[in-house]
Trainee: 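Structure below; questions to follow.
Naming: A, B, ... by sequence-line order, numbering from 1 per chain. Just so it is clear, the structure is predicted and the values come from calculations on it, not from any experiment.
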Amino acid sequence: MDPAFEFLCRMGDNTLVLGHRVSEWCGHSPVLEEDIALANTALDLIGQTQLWLGLAAEVEGAGRDADALAMTRDAWDFRNVLLVELPNGDFGRTMMRQCLFDAWHDLVLAELRDSTDDRIAAIADKTSREVAYHLERSRDTVIGLGDGTEESHARMQAALDRLYPYVGELFETDAVDAALAEAGIAPDPGNLRDAYDARITGIMAEATLTIPDSRFAHKGGRDGVRHTEHLGHLLTEMQWLQRAYPGATW
Amino acid sequence: MNVRMDRPTMPEIWAWLDQVPDPEIPAISLVDLGVIRDLKWQEETLQVTVTPTYSGCPATSVINMEIERALRKNGVQNVQIKRQISPPWTTDWLSDKGRASLLAYGIAPPQPAGGPENCPRCGGTDLERVSQFGSTPCKAQWRCRDCLEPFDYFKCI
Ligand SMILES: [Zn+2]
C-alpha cells in the first residue's frame with residue numbers, strides 16, 4: 001500500500017462523499033437561497049474531488065482515473081471519515097456537520113499548502129479559498145440557528161450531540177500519516193486538534209451550544225476497516241449508472 | 001474558415017480570444033475573466049494555458065471547447081489546452097475592461113472589502129447581503145435598500 005495513494009483517497013473520498021450528501025438537498029432546501037448555497041457547496045466539493053482523486057490515480061499508475069476511483073470502488077475501498085457519510089438529517093444537522101467538517105478541512109488545507117509535494121500544495125492552495133468561504137457560511141449558519149429560536153437552538157444542540165462523537169476520527173494518526181508527516185507531505189492529523197478545538201469552542205460559545213464532555217470517537221472510515229451501513233446505500237445511488245452501463249458517457 | 005500560411009501574431013490571437021464570451025457571464029470575455037494565462041507555440045501546435053475559476057465550475061469544460069473553436073475558426077488547427085491550477089485563479093485577474101462590463105451588465109464587480117461598493121442599478125450604497133452564493137459559483141446575491149432591487153455580486157476570491 002502506497003501511503004501517498006491512501007492519503008489522496010482520504011482527501012478525495014471526504015470531498016466526494018460529503019459533496020454527494022450535500023447535493024441530496026438540491027430542490028429540497030428550506031428556502032431558495034439555501035438551496036443554491038448547498039448546491040454550490042456540493043459542486044465545489046465534487047470539483048475538489050476531481051483534483052484529489054485525479055492525483056491519486058496518477059500516483060497509483062494503474063490506468064485508473066478519478067472517475068474510475070469514484071464510480072467503481074466498493075464501500076470497503078473508500079477512505080472518508082464516518083462523519084461525512086452520515087445521513088443529512090434536518091437542515092440544522094446538515095449545517096452542523098458542514099461546520100464541523102469545514103473547520104477541520106480549512107486547517108488541514110492550510111498545512112498542505114506547504115506540502116513538500118508541489119502537486120498537493122497546488123491543490124491545497126486552490127481549494128483552500130473555496131473552503132474558507134464554506135466555513136464562513138457554515139459557521140454563520142450554526143451561530144444563527146444555535147442562538148436563534150427555542151426550536152432552532154434545541155435542534156442544533158441535538159445535532160451537535162449526535163455528530164460530535166464522529167469528530168475524533170479526523171485526528172486519528174496511523175502508519176500512513178506517520179510516513180507522510182515524516183516526508184513533510186502532510187501534517188500529522190493529531191497535531192491539528194488543539195487549533196480545531198479552539199475554533200469549535202469559539203463557534204459553539206457564540207452559538208450558545210454546549211460541546212459534549214466525552215471524547216469518545218466512532219472510527220473505521222479513514223482506514224476502511226468499518227464504514228457505517230449508510231455508505232453502501234449512498235454508493236448504490238451515486239454509482240448506479242456506471243455500474244449498470246460501464247463506461248457510459250454523454 | 002480562414003486558411004492562412006503565415007503564423008498569426010500573439011496580439012492577433014489574444015484579440016480573437018477576447019471575442020469569446022464567458023459561457024456563464026457573456027458580458028465579459030475569457031480574456032477579461034483572466035483564465036487564459038499563457039499562449040505558446042510548440043512547433044506547429046498552439047499551447048493555451050488555462051486556469052479554472054472554481055474547482056467545480058461546470059463552465060470549465062465549455063470554456064476549453066470555446067477556446068478551441070475560436071482558434072480553429074481563425075485557422076489555428078493544432079490547439080492544446082493545458083490546465084494549470086497553480087497559482088490559483090483570483091478575481092484580481094479580472095481586467096479593468098471586464099470589471100466595467102460586469103457593472104454595465106448589472107453585476108457588481110468584486111471588491112477587496114468582500115462586498116459590493118455600489119448598487120449596479122442606482123449606484124446606492126445602502127446594501128445588504130441576501131446569500132453568500134448565487135446563480136453561478138462565482139456570484140453572491142445582494143440587495144439594494146435604496147432602489148430595493150436584488151443584484152448579483154461577483155465574489156472576491
Ligand atoms: Zn439600487
Trainee: Given a strict heavy-atom distance threshold of 4.5 Å, which part of A:Asp140 is in contact with chain B: side chain, backbone, both, or neither?
Mentor: side chain
Trainee: Does a sphere of radius 6.0 Å around CZ in B:Arg37 hold more than 12 heavy atoms from other residues, nucleotides or ligands, not counting ones at 6.0 Å or beyond?
Mentor: yes
Trainee: Do other residues, nucleotides or ligands put more than 12 heavy atoms under 6.0 Å from B:Gln42 CD?
Mentor: yes
Trainee: Does B:Arg121 CZ have over 12 foreign heavy atoms under 6.0 Å away?
Mentor: no
Trainee: Ion pair present between B:Arg129 and A:Glu136, side-chain N to carboxylate O less than 4.0 angstrom?
Mentor: yes
Trainee: If I take atom CD1 from residue A:Ile123 and atom OG from residue B:Ser86, how far apart are they, to the nearest 0.5 angstrom?
Mentor: 10.5 Å
Trainee: Quick one: pull up CG in A:Asn40 and OH in B:Tyr54 and give me the separation to the nearest 0.5 Å.
Mentor: 9.0 Å
Trainee: Of all the heavy-atom pairs spanning A:Thr127 and B:Ser55, show the shortest one and how long it is.
Mentor: CG2-OG, 3.9 Å
Trainee: Is it the side chain or the backbone of A:Leu45 that comes within 4.5 Å of chain B heavy atoms, both, or neither?
Mentor: neither
Trainee: Which atom pair, heavy atoms only, marks the closest approach of B:Pro58 to A:Leu43?
Mentor: CD-CD2, 3.8 Å
Trainee: Can you say whether B:Thr136 sits under 4.5 Å from chain A via the side chain, the backbone, both, or neither, judging by heavy atoms?
Mentor: backbone
Trainee: I'd like to verify something: which residue of A:Ile46, A:Val31, A:Leu32, A:Asp44 has the highest number of heavy-atom pairs under 4.5 Å with chain B?
Mentor: A:Asp44
Trainee: Which heavy atom in B:Phe133 sits nearest to a heavy atom in A:Thr41, and how many Å separate them?
Mentor: CZ-OG1, 3.8 Å
Trainee: Between B:Gln141 and A:Glu33, is there a donor-acceptor pair closer than 3.5 Å when you use the side chain of the first and the backbone of the second?
Mentor: no
Trainee: Nearest 0.5 Å, please: how far is CG in A:Leu51 from CZ in B:Arg83?
Mentor: 5.5 Å
Trainee: Between the main-chain N or O of B:Gln132 and the side-chain N or O of A:Tyr133, is there a donor-acceptor pair closer than 3.5 Å?
Mentor: yes
Trainee: Flag yes if more than 12 heavy atoms outside B:Arg143 fall under 6.0 Å of its CZ atom; otherwise flag no.
Mentor: no
Trainee: Would you confirm whether A:Lys126, through its side chain, and B:Pro87, through its main-chain N or O, come within 3.5 Å as a donor-acceptor pair?
Mentor: no
